[in-house]
Every structure is written in structure tokens, then in C-alpha cells.
Amino acid sequence: MHNKPLSKIADDLVTKRVSSVELTQYYLDRVAQHQHLNAFITVDPEFSLAQAREADRRIQQGDVATLTGVPIAHKDIFCTKGMLTTCGSRILSNFVSPYDATVIDRLNQNGAVILGKTNMDEFAMGSSNETSYYGAVKNPWDHATVPGGSSGGSAAAVAARIAPAATGTDTGGSIRQPAAFCGITGFKPSYGQVSRYGMIAFASSLDQGGPITRSAADAALLLNVIAGFDARDSTSVQQPTPDFAAGLDGDIQGLRIGLPAQFFGEGLDNSVERVVRAALGEYEKLGATLIDIDLPNSALCVPCYYVLAPSEASSNLARYDGVRYGHRASDYGDLIDMYMKTRAEGFGGEVRRRIMIGTYALSAGYYDAYYLKAQQLRRLIAQDFEQAFEKCDVIMGPTTPTTAFAIGAKSDDPIAMYLNDIYTISVNLAGLPGISIPAGWDDAGKPVGLQIIGQYFDDAHVLNVAHRLQTATDWHQRAPVGAE
Ligand code: GLN
């Protein structure tokens with residue numbers, strides 16, 4: 001049951017081989033059996049089963065859409081009406097949103113079931129899920145290692161087959177990096193493809209929601225429901241949405257794959273490189289050609305991101321003041337004291353660090369030196385991609401320089417943690433679509449991710465290229481021990 005693709009699950013529901021209530025109960029049981037992974041922050045069986053009953057009623061009446069009755073897990077950054085939305089933070093530990101995020105709303109209208117809300121780094125700041133107020137998540141492939149972050153709970157849930165599919169968000173790699181660490185597929189759409197309405201903001205010019213699934217085909221089905229223009233998000237792009245599932249089988253004969261020298265240089269683990277090169281060899285067998293390209297400003301993407309993202313975060317997180325919603329300190333003097341104690345108690349260390357960096361970078365006198373410079377750098381990084389795409393159709397490389405590291409290994413060293421996203425961050429800075437797909441295993445048996453980057457709004461093509469590899473190989477079908 002739990003190894004079926006989404007299309008097969010949907011088919012079983014429509015043909016009444018299984019009801020949504022049975023299916024939802026099956027996954028709720030799996031969630032309960034895998035509590036040790038700590039993948040979920042909130043599970044509300046009554047809520048999920050009520051949605052499942054409604055889906056079954058729709059199916060009875062023949063009112064069926066793509067994902068009617070399919071349980072989907074959501075990163076706890078998407079606002080859900082009637083179910084807790086914490087964003088992995090103490091400051092929102094009691095927050096129940098009065099409205100649904102557009103992503104949730106579209107899935108609800110489609111008839112999908114909310115399986116629960118998944119664990120994540122606090123306010124999506126992190127690469128290991130260790131900054132969550134709700135504790136670290138374990139990687140299903142090796143419980144001593146991190147699942148990646150910030151969408152670590154969603155990735156662990158899909159990898160352990162305790163959710164058929166999930167949502168995540170990616171500001172600098174948070175869909176792709178955990179997908180790589182957990183041996184699954186994670187797709188960050190082009191900026192503006194998926195509405196950010198009701199998706200709690202971290203760095204608004206970089207944040208993008210997307211699917212975390214076992215395959216590119218599953219990602220396409222989920223994207224078909226959640227993508228598209230939304231008048232409630234001013235950065236949502238008003239462009240017709242293609243049928244992502246219909247485009248999966250396109251021929252890739254003659255595809256030009258660009259390999260940036262900077263993605264294969266110093267810092268890349270040898271066994272990760274070996275696995276990635278072998279996967280690229282599979283693409284050659286499928287008729288693609290490999291071309292060496294340059295992204296000369298790659299080394300600057302991490303410093304650029306760590307000025308821009310904290311700057312936007314310091315502004316976005318100013319709203320958590322204990323007045324309107326969320327945690328409020330119980331013991332305080334005047335208003336300023338209330339703000340200070342509330343925010344000191346409510347935010348964890350990494351979030352406080354970013355608020356301080358961002359506030360500093362945006363302050364008078366430093367704005368030009370840091371924020372403005374970083375914006376200029378961002379333009380150069382985007383131009384690097386534009387020039388590269390004159391020579392190739394897609395860009396490929398490793399998603400991460402190493403495979404999953406041990407829990408605790410980098411939590412005291414922010415720079416080492418930040419360097420995890422060295423191959424993913426530039427994609428957000430340029431607003432491009434990027435996917436991580438399983439490419440095999442390193443010498444220690446840990447999953448390796450292959451990243452495929454496309455041109456702006458070429459999302460359907462990226463999914464097509466990913467799918468072609470998944471029809472020729474079975475890396476994406478292998479599950480960790482205990483989840484087969
Ligand atoms: N790891 C990066 C960070 O800590 C990216 C996080 C994300 O994509 N949300 O900011």
C-alpha cells in the first residue's frame with residue numbers, strides 16, 4: 001500500500017478498492033508507529049478522518065478531482081484553519097490560523113486530506129531540523145543522522161512512507177536538501193509559481209512552496225493542484241499553468257546538460273561526486289550530452305544569501321510581539337519589557353541570531369555596505385545563470401556537498417551549517433526551478449541527491465527531465481530499512 005505512486009492511490013480511491021477513511025487510518029497508524037522519528041508536530045486524527053469522510057462522500061457522488069481522498073502531510077509553515085500552525089517555534093506554539101494558506105485551500109477544494117503538520121526548523125531557518133522548538137527529526141535511513149532542513153519532517157515522513165506525499169518550502173534549499181538527505185524527490189518551483197499566501201514568511205523574495213514526494217511524477221500531480229496565479233499573493237505570476245503531469249514523458253534526446261565547474265570543486269565529498277557522475281552517465285545513455293559551464297559568482301552566493309535572508313527575516317518576524325497572537329511572556333513590566341521578554345522567550349537561538357544580523361545589515365550607515373551590495377551580487381548571480389543557459393538546457397550537479405551528517409555535528413558551528421546549501425542557494429537567489437532526485441548511495445549507504453536546475457518558469461521541463469531518469473532507474477523506489 002505505502003509504496004504506490006500517487007496516481008495509483010488516487011485510482012484505488014476512485015475505483016473504490018479502498019476508501020479515504022481506510023487509507024487515512026492506515027497512514028495515521030503508520031504515523032503513530034513511527035513517532036520515534038519526530039516527523040510530525042501536530043496530528044489530529046478526528047480532523048483528518050472528518051476530511052476523509054467528506055472525500056468518500058464526494059467519491060460516492062462522482063465528484064472526483066486528482067487527489068480526492070489522498071492524505072498529504074504539510075510543513076507546519078502553511079496556515080491551516082482549525083489545526084495548529086507553529087512554524088517550529090515556541091512563539092507560535094498556541095497559534096491556530098483563522099484561514100487556510102492558498103496551497104492548503106487548493107488541496108482542500110481538490111478533496112485531499114490533511115494527514116498532519118510536519119516538524120521543521122524554527123521559521124524555516126536551518127539545514128538539519130535541529131532548530132525546531134519541537135526537537136530534532138531523525139533521518140529514516142540512519143537514526144543518528146539529520147534528515148536535513150528546514151523541511152526535515154516532511155522529508156522524513158515521505159522517506160519512511162508514513163505520508164504518501166508532503167509539502168515543503170524552500171528559501172535556500174529547504175525542499176531539495178532534505179530530499180537529498182532522505183533519498184526522495186523535492187521540487188522547488190520557479191519563484192511566483194506557487195502562492196505564498198498563508199505560508200509563514202521567512203525571506204519573502206526567496207520563499208517558495210513545493211512538493212516533497214517519492215518521484216517526479218508524484219511531484220507533478222501535487223504541483224498541478226497547488227500551482228497557479230493567486231490574486232492574494234502579489235508576487236504570484238499571472239501565467240497559464242501547464243499540465244505538469246502531461247509533460248513528463250517528453251523526449252530528452254539531445255538534451256544539453258550544463259555541469260558548473262563550481263559544483264564539482266573543493267568541498268565536494270568524493271563518494272557523492274562518484275554517485276552524481278554515475279547518474280549523469282545514465283543521462284548520457286538516454287541521449288543527453290554533458291557540457292562544462294561556469295557560474296563564476298557561485299562562491300558569493302552563501303554570503304549574499306546570509307545578508308538578504310536575515311534582512312528580510314528581521315522585518316518579517318517583527319510581527320511576533322505577543323500582542324495579537326502567539327506566545328506572550330507572563331511576567332513583565334511595561335510594554336517594551338513585554339516585547340523583549342516575549343521575543344527572548346519565544347524565539348530560539350538561530351532565529352535570534354538572524355534577526356540581529358538582519359537588523360544590523362538594514363540599519364542606517366550599513367544598509368549600503370551590506371544590503372545594497374548583496375542585492376547587486378544577487379543580480380550578478382542571476383546573470384551567471386542567464387549566460388549559462390545560452391549553452392545548455394538544464395544544469396545539473398550534486399544537491400549537497402555531503403550526505404546526511406550526524407545529529408549534533410554542526411549545531412554549534414553556524415558557518416559549517418550554512419555551507420550545506422552551497423549548491424542550492426543560488427537557485428533561490430535567481431528565482432529558478434530546481435529539483436533534487438535520488439541518484440544512489442554513498443560508501444556509507446546514505447542517499448545522494450542529484451540537483452536539476454531549469455530556466456525561469458521551465459518547471460514542466462525540469463520535471464520531465466527528472467522523470468525520464470526515474471523511468472530508467474529505480475533509485476527513487478528504494479526505501480529505508482523498516483519502511484519497505
Ligand atoms: N538552510 C538555509 C537557511 O538556514 C535555507 C533554509 C530554507 O530554505 N528555508 O536559511
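Computation of the quantities below employed the complete heavy-atom set of this structure, encompassing side-chain atoms and omitting hydrogens, waters and symmetry-equivalent molecules. Atoms within each ligand, like the ligands themselves, are counted from 1 in listed order.
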Looking at residues at least two apart in the chain, or sitting in another chain, which of them share a side chain to side chain contact (heavy atoms under 4.5 Å, CB included) with Gln51? Phe47, Asn108, Val113, Ile114
To check your reading of the model: name the closest protein heavy atom to atom 7 (C) of ligand 1, its residue, and the distance in Å. Ser174 OG, 2.4 Å
Among all protein heavy atoms, pick the one closest to atom 3 (C) of ligand 1 and tell me residue, atom and distance. Tyr306 OH, 3.2 Å
Between Ser151 and Lys75: side-chain donor-acceptor atoms closer than 3.5 Å: yes
Atoms of ligand 1 under 4.0 Å from any heavy atom of Ala124, numbered from 1 in the order shown, are 6 (C), 7 (C), 9 (N)
Angle between ring planes, Tyr305 versus Phe202, binned at 30° and 60°: parallel, tilted or perpendicular? perpendicular
List every atom of ligand 1 that sits less than 4.0 Å from any heavy atom of Phe202, numbering the atoms from 1 in the order shown and giving each element. 9 (N), 10 (O)
Going by atom type alone, with no hydrogens or angles, which donor-acceptor pairs under 3.5 Å involve a side-chain atom of residues 124-131 and a protein atom two or more places apart or on another chain?
{"unit_1": "Ser127", "atom_1": "OG", "unit_2": "Asp421", "atom_2": "OD2", "d": "3.0"}
{"unit_1": "Ser128", "atom_1": "OG", "unit_2": "Glu130", "atom_2": "N", "d": "3.3"}
{"unit_1": "Ser128", "atom_1": "OG", "unit_2": "Glu130", "atom_2": "OE1", "d": "2.6"}
{"unit_1": "Asn129", "atom_1": "OD1", "unit_2": "Gly152", "atom_2": "N", "d": "3.1"}
{"unit_1": "Asn129", "atom_1": "OD1", "unit_2": "Gly153", "atom_2": "N", "d": "3.2"}
{"unit_1": "Asn129", "atom_1": "ND2", "unit_2": "Asn119", "atom_2": "OD1", "d": "3.4"}
{"unit_1": "Glu130", "atom_1": "OE2", "unit_2": "Gly408", "atom_2": "N", "d": "2.7"}
{"unit_1": "Thr131", "atom_1": "OG1", "unit_2": "Asp121", "atom_2": "OD1", "d": "2.9"}
{"unit_1": "Thr131", "atom_1": "OG1", "unit_2": "Glu122", "atom_2": "N", "d": "3.0"}
{"unit_1": "Thr131", "atom_1": "OG1", "unit_2": "Met125", "atom_2": "O", "d": "3.0"}

Taking the inter-plane angle between the rings of Phe123 and Tyr320 on a 0 to 90° scale, is it parallel (under 30°), tilted (30 to 60°) or perpendicular (over 60°)? tilted
Checking the N or O distance criterion of under 3.5 Å, is ligand 1 in contact with Gly172? yes
For atom 4 (O) of ligand 1, what is the closest protein heavy atom, and at what distance to 0.1 Å? Arg354 NH2, 2.7 Å
If we only consider heavy atoms of Ser150, is any one of them less than 4.0 Å away from an atom in ligand 1? yes
What atoms in ligand 1 come closer than 4.0 Å to a heavy atom of Tyr305? 2 (C), 3 (C), 5 (C), 6 (C), 10 (O)
At under 4.0 Å between heavy atoms, what of Asp421 touches ligand 1? The answer is side chain
Below 3.5 angstrom, do we get any N/O pair linking Gly126 and ligand 1? yes
Would you call the rings of Phe181 and Phe405 parallel, tilted or perpendicular, where under 30° means parallel and over 60° means perpendicular? perpendicular
Can you say whether the rings of Phe78 and His74 are parallel (under 30°), tilted (30 to 60°) or perpendicular (over 60°)? perpendicular
